[in-house]
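Here is the structure we will look at, set down as structure tokens.
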Amino acid sequence: MRVATWNVNSAKQRVPRLLPWLDQRRPEVVCLQETKLTDDAFRALLGGELAARDYEVALYGEVQWNGVAILSRVGLDNVVRGLPGAPGFPHQEARAVAATCGGVRVHSLYVPNGRTPDSDHYHYKLEWLSVLRDTVAAGPADVLVCGDMNIAPADADVFDPDAYVGQTHVTAAERAALARLTDLGLHDVVRDRWPDERVFSYWDYRAGMFHQDLGMRIDLILAGTPVADRVRAAWVDRAARKGTGPSDHAPVIVDIDTAPDGDIGPVVPPPSAGTPRRGRHKLPQAR
DNA sequence: ATGGCTTCCGCTGGAAGA
């Protein structure tokens, strides 16, 4: 089962990148953030294209900002929109949606930015993370906590720690809040697989930051131990950050072995699997 | 570097992002 998370920075703007990427990577489950669309607008924009690719969709969006989604072709059960008990700013924001997909509790999260340390938004971020921790603690160990955490877990996750002194995303309180979540028994699958590599998932649009690989790793996939034990690959899909009209974030992808009694869902042939072309390739003939 | 891009709504500017 392939699970991906991607802050698309507007689903509407990203359609020309999102659909080909789905066809190329063929993830079973996709967590999206910053869709920036109401649920009606999302369905009008992408409902048909996603249904044609056998995805069911769980949405929690709003009109201008935020917005999260889960796409799944391995089932989509017990959908919970939002984070019950989470604070608002001041109103509830569309920053969390959860569903059970292929036997795994999947969370698609867009953690508040925090803006500046000690601002109201920063304290909102910390309180929101505390409620997230309690929500995950109350759930199953077969869990994937995915999304834009807006925290770089360690100094190795920013291009220049000195450039971030006094900034959000790297403060001790934010990292402690993230640690209280991962202390539940979650594993940072990309860092576990690439312990010493320079791995980022976000690069500012400006000043050639991507070209110079000056970024941050703030988009995470955190796996409960039983899921982490089944991880076979985990990486950042940098190709999706290249070219024309990218998001400023790249997708993060994890491949998980099927559980011994798991159901991977319907088998869908690849788009190229069709009638063999005559003439160019000689197929073995039965005698 | 003081936001250097990109997006949104909604109107041509201001806010937000990290």
Side-chain angles (χ1 to χ4, degrees), chain A residues 5-18 32-42 44-46 59-69 88-96 108-126 128-129 146-175 177-178 190 198-220 236 238 240-252:
Chain A
T5 183
W6 193 5
N7 179 326
V8 291
N9 186 16
S10 170
K12 187 175 182 178
Q13 295 302 317
R14 222 56 63 209
V15 169
R17 299 300 301 260
L18 176 61
L32 300 176
Q33 299 88 37
E34 287 209 80
T35 57
K36 299 187 179 178
L37 290 173
T38 63
D39 297 347
D40 286 347
F42 187 104
L45 178 73
L46 283 164
L59 299 174
Y60 186 27
E62 56 187 273
V63 67
Q64 182 173 8
W65 303 112
N66 312 311
V68 287
F89 194 79
H91 66 284
Q92 289 294 318
E93 297 184 307
R95 295 182 176 275
S108 178
L109 306 172
Y110 178 47
V111 174
N113 172 293
R115 296 182 187 167
T116 56
D118 280 330
S119 65
D120 289 347
H121 208 261
Y122 180 84
H123 293 292
Y124 165 54
K125 178 181 193 174
L126 295 177
W128 198 95
L129 286 163
C146 305
D148 180 354
M149 307 304 291
N150 269 321
I151 299 170
D155 282 352
D157 298 311
V158 298
F159 74 91
D160 179 8
D162 292 339
Y164 286 92
V165 172
Q167 307 285 321
T168 56
H169 298 65
V170 301
T171 66
E174 290 165 279
R175 286 175 171 169
L178 180 62
V190 167
R198 180 184 180 95
V199 182
F200 301 134
S201 66
Y202 161 87
W203 301 259
D204 197 298
Y205 280 125
R206 293 163 294 179
M209 297 287 272
F210 177 71
H211 180 69
Q212 302 170 73
D213 196 22
L214 304 179
M216 312 174 76
R217 192 175 69 94
I218 56 177
D219 302 273
L220 306 180
V236 174
R238 284 177 49 93
R241 181 62 177 79
K242 300 177 181 178
T244 304
S247 171
D248 44 1
H249 296 251
V252 183

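Throughout, a chain's letter reflects where its sequence line sits, starting with A, and its residues are numbered from 1.
- For the OP1/OP2 pair of B/dA18 and a distance below 4.0 Å, the side-chain nitrogens and oxygens of A/Arg115 include no atom meeting the criterion.
- Going from atom OH of A/Tyr205 over to atom P of B/dT7 covers 5 Å, rounded to whole Å.
- Listed pair A/Asn7 / B/dA18 meets the phosphate criterion, a side-chain N or O lying under 4.0 Å from OP1 or OP2.
- Contacts between residues 10-18 of chain A and DNA chain B, counted as heavy-atom distances below 4.0 Å, involve A/Ser10, A/Gln13, A/Arg14.
- A salt bridge is defined here as a Lys NZ or Arg NE, NH1 or NH2 lying under 4.0 Å from an Asp or Glu carboxylate O, and A/Arg95 with A/Asp148 fails to meet this definition.
- Of the possible polar contacts, one joining the A/Ser201 side chain to the A/Asp219 backbone as a donor-acceptor pair under 3.5 Å is found.
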Apply side-chain contact (heavy atoms from CB on, under 4.5 Å) to the pair A/Leu129 and A/Ile151, showing each step before the final yes or no.
CA-CA 11 Å; A/Leu129 286 163; A/Ile151 299 170; 3.6 Å; yes
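- Under the 6.0 Å cut-off for aromatic ring centres, A/His121 and A/Phe89 qualify, their centroids lying closer than that.
- Between the NZ atom of A/Lys36 and the C1' atom of B/dC9 there is a distance of 11 Å, rounded to whole Å.
- Ring centroid separation for the pair A/Phe210 and A/Phe200 does not come in under the 6.0 Å cut-off.
- Not one N or O on the side chain of A/Trp203 forms a donor-acceptor pair closer than 3.5 Å with the backbone of A/Asp213.
- Here the side chain of A/Ser119 pairs a donor or acceptor atom with the backbone of A/Gly114 at under 3.5 angstrom.
- A/Met216 comes within 4.0 angstrom of the backbone, heavy atoms only, and of no base.
- Taking the six-membered ring where the residue is Trp, A/His249 and A/Tyr202 present tilted rings, their angle falling between 30° and 60°.
- For A/Asn113 and B/dA18, the shortest distance from a side-chain N or O to OP1 or OP2 is below 4.0 Å.
- Between the CD atom of A/Glu62 and the P atom of B/dC9 there is a distance of 11 Å, given to the nearest Å.
- Between A/Tyr122 and B/dA18 there is no side-chain N or O to OP1 or OP2 distance below 4.0 Å.
- A/Phe200 comes within 4.0 angstrom of no nucleic acid atom, judged by non-hydrogen atoms across all strands.
- Looking at residues 240-249 of chain A, you'll see A/His249 sit with a heavy atom under 4.0 Å from some atom of DNA chain B.
- Residue A/Tyr164 is out of contact with every strand shown, counting any heavy-atom pair closer than 4.0 Å.
- Of the candidate nucleotides B/dT7, B/dC9, B/dA18, B/dC9 has the atom nearest to the side chain of A/Gln64.
- In the model, A/Glu34 has a side-chain atom that pairs as donor or acceptor with a side-chain atom of A/Asn7 under 3.5 Å.
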